Structure formats: C-alpha cells, structure tokens
Amino acid sequence: MAVGNIAVTARLPLRVRVRELLDREQVLGPLFVTPALFLLVLLVAYPFCMALYFAVSNAFIGRPSHFVGLRNFVNLWQSDAFRQTFQNAFVFTGSAVALKLVLGISLAVLLNQQLWFKRAIRGAILLPWVIPTALSTLGWWWMFNSLYSVVNWTGIALGIMDPPGPNWLGQKYYAMTAVVTVNVWRGLPFFAITILAGLVSIPRELYEAAEADGAGPVARFWLITLPMIKPVLAIVVLFSTIFTFSDFNIVYVLTNGGPINSTHLFATLARQVGLETGRIGEGAAISLYLFPALMFVVWAQLSFVRRQVY
Amino acid sequence: MESIGRRRFLATTAGGGLAGILAARVPPARGQQREISYLCWNNFAPAMDKKQNDIAQRFTRDTGIKLRIDYIAHPQQPAKYAAEVQTQAGHDLVEMRMHFPWLYEPQLTDVSDLVAELEKKHGKTLSSGYEAAHVNGVWRAVPMYHGLFVPTYREDLFKRAGLKVPDTWEELYTVGKELKKMGNPVGIPISQNYDSISTAGPVLWSFGGMEVDRDGKTVRINSPATEQMVEWYKKMYRDCMEPEVLSWTDASNNESLQQGKAGWIHNPVSAYIVAKQRKLPTADLINHHRSLGGPGGRHETDVPRSIGIWKFSKHVEPAKEWVRYLLGKREVYDEWVMSADAFNLPIYERLQDHPVLRTDPKYAALGAPGVQYHLYGWPAPPTDRIQLITNSFIVPNMLAKAVTGTPNKEAIAWAENEMKKIMAG
C-alpha cells in the first residue's frame, strides 16, 4: 500500500506538488516571513549591532578601534553640552507628545462629526505629515527668521507683539517653543488620523444607550470614548515618543542645536560629534544613551496594550 | 630571417603576455581601465563647478582618462566621506574642506610629490593651506584654492555719515555705534554656526589670545586677552548690533547686508558677488576693506580647500593626472579661478597678484598685505580634539552667554572647562 502511495505521489505534476507544499502552514509561514526577516537583519539588526559595538569602542573614522567598555557613556556625562541635550530631549519629547495627544484627540473628535467636505478636510490634515520634513521646516525657519519673520510681522500688525517681536531662534525658551511647535504641527496628523480610526470603530449603540441614561457630552467622552480608544492611544503615544526622542531634521534646520545648546537633541549632537568630528564611538554612545530607557517604555506600553486588548 | 610559425607565435605572445600580467599583478581589463571619479562639494560659486566640468571634458579628450565628477552639498560631506571610508569603496578623489585632511589622514594617499611639483611652478602654499593639508609631516591633500573672510561694509553709509573706515576692532566699535543709530547695525553672528567662529577667531587672535596652545594640548582660553575679547563683544552687542545675531545662520549676515539692513559684516566676498549677480540695489553700495587688527596683530580666518586621493583608490596615478591637469597647467588653473569671480582665490604664493583681483575695483582689499590667515583653532594643529572644540561651538556659546548676562569670568571658566574635558577625553 505504501509503495502504491509513493508511486501515486511521484506521478503528481510539479504544480500540484508545490501547491500541496504551500498548503502546509509549517512551510508557508516561514516562507512569508523570510524576506521580512532578511531585510530586518540586513537593515536593522546589523547596523544596530554595529552601533552597539561602536558605542563601547573608541572608533574613529577610518582608524583601528579598540574596546573601551562604558568609557564613552561616562565621559559624555561630564560634558555640559550632553547634559543639556539630555534635559532638552525630555522637555522636547514630553511637551511635544503631550500637546500632540491633547490636540490629536480634539481634532479626531472634531473630524468624527458630520462636517461639510469631510473627506477633503481629512486629506488636507494629512499634508504636514506627507511633506518632507526638511522642506516644511525650511518654511518654518523662514517664518521664525529674525529678518523676515511673518509670525512677528503678523503679531505686530495685530497689536499683540511689541516691535521687533520675539527673537524666536535666538533665545533658549523661544527656540524650544519653536522646535516643539514645528514638531507638533508635523506630528498632529498622525495622532488625529489614528485616533479617528479608533473613534470610528466605537459602536454607536454605546453612545445612544448613554444618552438615554442622561449622560452629557463630557461624561460620554470620559466614560465611553476615552476607555474605548485607550489601546490606540497607547500605541500612538509609544510610536510618537520614540520618533520624537530621535527627531533630527527639525532641530538641525531650525537652530542647529542653539542657542547655547538649548535645543540640541541626541540625534543632532550625535551628528556633530560622530560625523562632523569623526568620533563615531562617542556619536554612537550619544545615540544609544537612552536605549535602555526607551526599551523599558516600549515594554511597559506594549504590556499595557496587551492587557487592554486581551 | 627565420620564419615564425603560427604555433610558435601564439606560444611566445601568450607566454609573454601572461608573464607581464603576473609581473604587474593587474588583470588586463583593469590595466586598460582609465576611469576615475571625483566627489566634489557644490561650490558656493556655481560657475566654478560648471567650468570644472568643461575642464574635465578637455582632460578626458587630452589624456584618454574618463573622469566622473559627483557634486554634493557641503553639509552632506562628513556623512558621505565616513561611509566611503568605512566601506573602503567610492570615489578616487575627494574635495577636502579646511581640516578634513587631518580627520581622514590614515585614509589619504601621500601626495607630497604632487605638492612639490605645484610649489615649484606656483610658489609655496599659503600658511593656511599648509596648516590644513600638511599632516604630521606629510601632504595628505593638494591645496587647490582658498576663500578668505574680509570686512564688508556699506560704503555709501560711511560716506554719508563721514565715518572713517576702521583699521582695528576697537575702531569698528566706534563706527558701529554710529551705524546702529542710523538703523544699519553691525552684523556679527553669535550663534551655533561657522561664521560666528570665523569672526570670533580673528578677534581673539587680534587681542593676543588663543583657545589651545601650539602644542595642541594646553587650554589657554582663560586669559586676559579672552576677557578683553569678551568685553569687546559685549559692548558691540549692546551698542552696535541687534539681538537677532543670536539666531543667525551662516547666510544671515549676507542677507542682512544685501537687503539693506546691516552696515558692516565680516564674511567671504560672496555677500558682494551674490548682490552683484542678482543685480540687487545694494550691490553698488557694498565695498570691502583691509582686515582688522589689534594688539596681537592682524589675523583672518581662511577656508582653504584641497583635493585628496583615498588610499583604497585603485587609480592613484590617473587621479594624480587630473590634479596635475587642473592645478599644474597655469592656463587651466587661471581659467578655473577666474570663473569664481574672486570667491575662491589661488593658494600659492606666486599667484597672489592674480588677474581675478583686478576684475573689479572692489576686490582690492582681498589679500591685502600684513594679514595672517589661519584655520579655526589656530595656533593649535587641527587635530580631532581641536575640531571637536570648533564643532561644539564653545567660543560662540561662551560669547552668547556673556552678552546675555552671564558674568565674563563665569562664561570664560565654562568654556575652559568644556575645552579641558574635550582635551582629556
């Protein structure tokens, strides 16, 4: 019988045999995953491992490097510019993500209403997210520029600013406000559209039942909307926190880290040290300084999401 | 004459050819390949790039060596160069700004022979070119040209107010006060950009100060000369400038002068050239004057540019041929320099009285006698530590702190501390 079976299988056309093979989950699964895995290893894992090695070495462009342990991390902490950058990163990320969250929820709730030209408005809101950051930031740079600031010009014309208006990119608090503003402007569509997707999926019956029970708009928001979109919010905040911590373009174009390092972020400082000066080891250490903390944030938020979903 | 049979001919030629290949250790296809590539910056004088392309075509026609020139914006150079060095692949030749030969020293071919040839023809390299490309006793790149900083002012305003063209930084303060009253302040950036360093350096040197000593190790920023310099900046900021200089980029002082606001700036000649090319109303009103001096002499920032050959290049000799063609042939070099309209000047001594300086009377102040030209961080050699001090904008930040209220001694002590940490790191 067995012999007969083998003989029958062997006679099957190649196409049929391939189809049978692909029907097996043990074969098809790895087959689908392999290209992505290959790309991940090539484009993420390999550079990441290289960065890890650089961070614990005295690597300098084009010269032999040696293992130095955690010396780069310890030395960095001695630098005033680095400590300032460390503080900037938390101020920048904390304020930008908080603003994006509040404004993103507000915008999403607004977009979820019955509006005229709803589709056009939703499309237009995505524009800041779609335009290349370096390009749009150049526009903002022009708006904050000391010579041509249209922000100041408008403020003075409306009588809400005294001439010559704030020196947006020349004073540290204003400069931080400027870079946070541009980050919020750019990141808001991501929040709004993602949260909108969460809002759309909330069953209308819940609101109808709450209304029948006499719940007002505020109560409906706190007791239905917010709990229902919590997992979406967690994911959006997670992604945004990581992206905002590692922001580069906005600061590089607007302030180059100034004035007096008051807007430097890890990425801009890493470029200054690692590429401009060739100290790849220190540059990599700057980039990876927050890696353990970010790993913890990712773990905590993903755990929260799992608890919410399952 | 002994006749050669077909078989013997084939055996002899094949054997000889094989022996030649083995001796040269170069496969025949590679041996015939005469193609080189050059990674060059997007010149601030675009006409010079265009002219370089024309010259490259003539070079190919005259020598049979194909040359591909790729241009990139200068902010992208460090990342691109780092990638080429790390992968040991890329272009054969690279343009090197200022201190780059020091950064990439182990990866650059020794080109002392080429520099010797050029110096024999054109005279010694200027001191700034030497400081930039002569690394630890070896020429790691060939100096090509330089773009120097020069005081640039609104001649009409000076004449209208009867102001004397300043000769020292102190005299600039005197005229600066008047300029600010006229609504045309002095425009010296005090921010995280390289123009800030380009002015802070000459002011510091002219007061007799320095950041790090000649030995490249001893930090000397905390000195009476630095205190004088900081005090000078404070009074300039208060009486001659506006707070906008704290946010300026490298382009802002040019724009301020070109748009008719600033009355005096310190910049390469590009501010005037661009105004002239764009036919701005201010073009006729702008002029240049001799670099300013002080108790420590008359110093100026210079931006020398060199051309280097990567060690990993497999076409070193053809690459050298291009350098000889571009810089060694006087008529070609002149043609190239002339195309830049005095933005980039010859870097060899015997070419200093170049015809390009006579194309416009407003170029008379360029290369004025008695001025010493230096790289950032002078007199220390531009090692990676000195470059980290420069790239960290420590001196502009020290000045920004002082002019915005930090006591002088505290600001200087901060700078000294930061520099010492870098030197120790």
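In what follows, chains carry the letters A, B, and so on, assigned in the order in which the sequence lines appear, proteins first and then strands, with residues in each chain numbered from 1. Computed from a prediction, not measured in an experiment: that's the story for all the values here.
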Checklist entry - Considering only heavy atoms from C-beta outward, does the side chain of N88(A) approach that of M176(A) to under 4.5 Å? => result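 Touching, per the 4.5 Å side-chain cut-off.
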
Item to check | Side-chain heavy atoms of S256(B) within contact of W248(B), under 4.5 Å | outcome: yes

By a 4.5 Å heavy-atom criterion (distance strictly below it), what part of [X] contacts chain A: side chain, backbone, both, or neither?
{"X": "Q259(B)", "result": "side chain"}
{"X": "Q387(B)", "result": "both"}
{"X": "S191(B)", "result": "neither"}
{"X": "P75(B)", "result": "both"}
{"X": "K261(B)", "result": "side chain"}
{"X": "W102(B)", "result": "backbone"}
{"X": "K421(B)", "result": "side chain"}
{"X": "T390(B)", "result": "neither"}

Next on the checklist: Has S65(A) got a side-chain atom pairing as donor or acceptor with A59(A)'s backbone, closer than 3.5 angstrom?
Outcome noted: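 No, S65(A) side chain to A59(A) backbone: no donor-acceptor pair under 3.5 Å.
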
Checklist entry - Any donor-acceptor pair under 3.5 Å linking the side chain of T226(B) with the backbone of N222(B)? => result no

Checklist entry - Which word best sums up how the rings of Y289(A) and W77(A) line up, parallel for under 30°, tilted for 30 to 60°, or perpendicular for over 60°? => result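 Taking W77(A) first and then Y289(A), their aromatic rings lie parallel (interplane angle under 30°).
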
Checklist entry - When you measure from the centre of the six-membered ring of W129(A), is the NZ or CZ of R186(A) under 6.0 Å away and within 45° of the axis? => result yes

